[in-house]
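Everything on this sheet refers to the single structure shown next.
Just the heavy atoms: all of them, side chains too, but no hydrogens, waters or symmetry mates, feed the values below. Start at 1 and go down the list; that is how both ligands and their atoms are numbered.
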Amino acid sequence: MPTSVPALVATSTTGPFEHGTVERRDLRPADVRIDIAYAGVCHSDIHTVRGEWGATEYPLTPGHEIAGIVSEVGEGVTRYAVGDRVGVGCFVDSCRECPECLAGEEQFCQKGVIYTYGTVGHDGVRTQGGYSQQIVVDEDYVVRIPDSLDLDVAAPLLCAGITLYSPLKRWKAGPGVRVGIVGMGGLGHMGVKIAHALGAHVTVLSQSLSKKDDGLRFGADEYVATSDAESMRPLRGSFDLIISTVSADIDLDRFLGLLGTGGALVFVGLPENPQQFSMFSLTSARRIIAGSNIGGIRETQEMLDFCAEHGIAAEIETIAASEVDGAWDRVVASDVRYRFVIDTATIGA
Ligand code: NAP
Ligand code: ZN
């Protein structure tokens, strides 16, 4: 018999959340049951529930930054035991056979990765996410949270952390590499911390200077307001790598122009609308435009270990379940410092 678990449930694009339940399956041999302690609020949750990325099926419980404690294991589980501190990120299954899965890049599974919420799994059941008190996941899609990271500040690493770590590694952020991070919200602030720890020269490109002190504290070498043309002018042609975390429409030509010859503008931010750019912005300096999507399980574990080693965690504001609707509005207004994390014990309270 599936277990009914308290959860925040979205029933429409407009909200508010209801305190309801989701069903968690009985354990299969490879499954672990996780008591969720904290769930981060990602802008993707908002895009999804508000229908900005296409139609969404309700009821839906979002949440893919999950940190908790293993409370039960299936008979075939080998890597986790009851009491272990674990995390679950953006996906909970994949085909395990295609070249991408075999390469540890399950997020690009050719048969379609099974996202943590809102995807029909191989068993025909639609997944439901982490704004809930418990989840059941195959151990192959679970990662270990190092002891030195508290669960609340570790939760956002499961999406925001890996989403920046993966492209920073792929595009070789390190000493002598000039990295720009556009937007300093949940993803962006993790990008600043990780790029700094990798040894890169980091510049935050934010709408205003209102978060400058924080950015410098997170490890940025420079912090520039994109609204200030005067400060932007000297930056033309000065970056090797720019990662955009912006969730809204963005002037691509402007940011491409900041890249030096052969530089790359990598998108992780996923605005609702298609965006345009001039081909001249690429050809004039052999520039590259690219995208990146979270990271595989192996790389997610690597990122958690890296963060533990370098003392990196998310800057969070912990909220009760009753505060999530208001928190979402603050995220959309770029008024997040820098990730909301839900104390899941408050669901149903
Ligand atoms: P967030 O906390 O809201 O951060 C986005 C930041 O973008 C804001 O803090 C703001 O930074 C900037 N921004 C927002 N609106 C803007 C506008 N109109 N013009 C210019 N800048 C603006 O969101 P998030 O959780 O970090 O997610 C960011 C985006 O990445 C979302 O679209 C999300 O869906 C996507 N995402 C993608 C992946 C992936 O794997 N590809 C994973 C997770 C999330 P400033 O105030 O500093 O300007
Ligand atoms: Zn996310």
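- With a 4.0 Å heavy-atom cut-off, ligand 1 is reached by the backbone of Gln207 and by its side chain too.
- Here Phe340 has no heavy atoms under 4.0 Å from ligand 1, in either its backbone or its side chain.
- The option with the heavy atom closest to atom 30 (O) of ligand 1, from among Cys90, Ala333, Gly269, Ser244, is Gly269.
- With a 4.0 Å cut-off on non-hydrogen atoms, Ala248 touches ligand 1 through its side chain and not its backbone.
- For Ser206, a nitrogen or oxygen atom sits less than 3.5 Å from a nitrogen or oxygen atom of ligand 1, counting backbone and side chain alike.
- Considering backbone and side-chain atoms together, Met184 places an N or O closer than 3.5 Å to an N or O of ligand 1.
- Within the coordination shell of the Zn ion (ligand 2), defined by N, O or S atoms under 2.8 Å, Cys90 is absent.
- Look at Ser292 and you'll find a heavy atom under 4.0 Å from some atom of ligand 1.
- Residue-ligand proximity: Gln107 is placed with every non-hydrogen atom at 4.0 Å or more from ligand 1.
- Considering backbone and side-chain N/O atoms, Val246 never comes within less than 3.5 Å of an N/O atom of ligand 1.
- The N/O atoms of Ser44, backbone and side chain alike, include one that comes under 3.5 Å of an N/O atom in ligand 1.
- Considering backbone and side-chain atoms together, Pro271 places no N or O closer than 3.5 Å to any N or O of ligand 1.
- Within ligand 1, counting atoms from 1 as listed, the ones closer than 4.0 Å to a heavy atom of Cys159 are 42 (C), 43 (C).
- At least one N or O atom of Val268 sits closer than 3.5 Å to an N or O atom of ligand 1.
- Short contacts between ligand 1 and Lys211, defined as distances under 4.0 Å to a heavy atom of the residue, involve ligand atoms 9 (O), 11 (O), 45 (P), 46 (O), 47 (O).
- Relative ring orientation between Phe17 and Trp328 is described as perpendicular, the plane-to-plane angle rising above 60° on a 0-90° scale split at 30° and 60°.
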